[in-house]
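First the structure, in the form of structure tokens, and then the observations on it.
Note that these values count all heavy atoms, side chains included, but never hydrogens, waters or copies made by symmetry. We number each residue from 1, following the sequence as shown.
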Amino acid sequence: MTDVVDSDELLRRIQRARSWAGQEERTWKARSEELKIGDPDGSRDAELRGHTYEAVRRALDEIVTPGVHDVDA
């Protein structure tokens, strides 16, 4: 990546990434619920993926609005 971007464009990119991570988090957590009965291993994998996207979303939230988020959440 060699393009120079201004702060507004960088913020837009971070917000898009945060939105995408939130959607992926919801998708994988819903998938985990769907798989609980029939495929416990698949459910655990989907749950782990959901938590991974949650961590990414939370990190991006902290970048966009530093210090606003609950540290222990």
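For the pair His51/Lys29, a side-chain contact is recorded, criterion being any heavy-atom separation below 4.5 Å from C-beta on. Side-chain contact between Tyr53 and Arg57 is absent, with no heavy-atom pair separated by less than 4.5 Å.
Every residue two or more places apart in sequence or in another chain that forms a side-chain contact (heavy atoms from CB on, under 4.5 Å) with Gln15 is listed here: Leu11, Arg18, Val64. Remark: Arg31 pairs with Trp28, Glu34, Leu35, Ala46 by the side-chain contact (heavy atoms from CB on, under 4.5 Å) rule, at least two apart or across chains. In this structure Gln23 satisfies the side-chain contact (heavy atoms from CB on, under 4.5 Å) test together with Arg26, Thr27, sequence neighbours excluded.
Counting all heavy atoms, side chain and backbone alike, Pro40 lies closest to Ile37 at CD-O, 4.3 Å. When all heavy atoms of Ser32 and Glu47 are compared, the pair lying nearest together is OG-CB, 3.5 Å.
Checked by atom type and distance alone, the side chain of Ser43 never pairs as donor or acceptor with a backbone atom of Asp39 at under 3.5 Å.
Between Arg58 and Glu54 there is a salt bridge, since a side-chain N of the basic residue sits under 4.0 Å from a carboxylate O of the acidic one.
Atoms OG1 and CG, on Thr65 and Leu60 in that order, are 10.5 Å from each other to the nearest 0.5 Å.
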